[in-house]
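Take a look at the structure below.
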Amino acid sequence: MKKVGIVMGSDSDLPVLKKAADVLKSLDIPFEMHVYSAHRTPDEARDFARAARDRGFGVIIAAAGMAAHLAGAMAANTILPVIGIPCKSTVLEGMDALLATVQMPSGIPVATVAIDGGTNAALLAAQILAVGDEDLAEKLAARRAAEAKTVLEKDSGIMDRI
Ligand code: RP5
């Protein structure tokens, strides 16, 4: 199976990526995690993106906060699909990173998930890999079915909670 590459701009982003790692582990998807910054370690970030396809990665998740250009920088250096996670910061609460990550100019796409959306980033990565992997597709379908069951259990008990 192809690996997922997880890159974060700072280890202060780790709590968001921990959510992504938990999802990937639950689906038995191999992944590698790194701290590479587009501005503090631009050479390492670029080298990772350029080598990723040959190293067996199928998708890259890139998370950064503030003037978040890590996902765009990754996407500029690979044709692998790149999923961007805008991370929340104290001053603008993630709106800065959201706009920086989502507003990619035409030609270099980044699939942006919600602010701090580590779970959905991993699920989207899994869905991309599942296009060519029937076992993984079945695991994703089972996960959705389990979530639906949980919601319906809540539905059946909601009147008792008022
Ligand atoms: C970004 O700046 C990182 O992705 C992080 O979200 C933010 C703050 O980084 P630290 O100052 O906590 O290292 O590059």
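All ligand and atom numbering here is 1-based and tracks the order in the structure.
- Ligand 1 is surrounded by Gly9, Ser10, Ser12, Asp13, His39, Arg40, Ala64, Gly65, each with at least one heavy atom closer than 4.0 Å.
- Residues that satisfy the salt bridge (Lys or Arg N to Asp or Glu O under 4.0 Å) test with Asp43, not counting sequence neighbours, are Arg46.
- No continuous path of hydrophobic side-chain contacts links Phe48 to Ile83 [ILVMFWY only; heavy atoms under 4.5 Å].
- For Arg143, the salt bridge (Lys or Arg N to Asp or Glu O under 4.0 Å) partners two or more places apart in sequence, or in a different chain, are Glu147.
- With sequence neighbours excluded, the residues satisfying salt bridge (Lys or Arg N to Asp or Glu O under 4.0 Å) with Lys149 are Glu153.
- A cation-pi arrangement is present between Lys3 and Phe57, with the terminal nitrogen or guanidinium carbon under 6.0 Å from the aromatic centre and inside a 45° cone about the axis.
- Using a cutoff of 4.0 Å between basic side-chain nitrogens and carboxylate oxygens, Asp28 and Lys139 are scored as salt-bridged.
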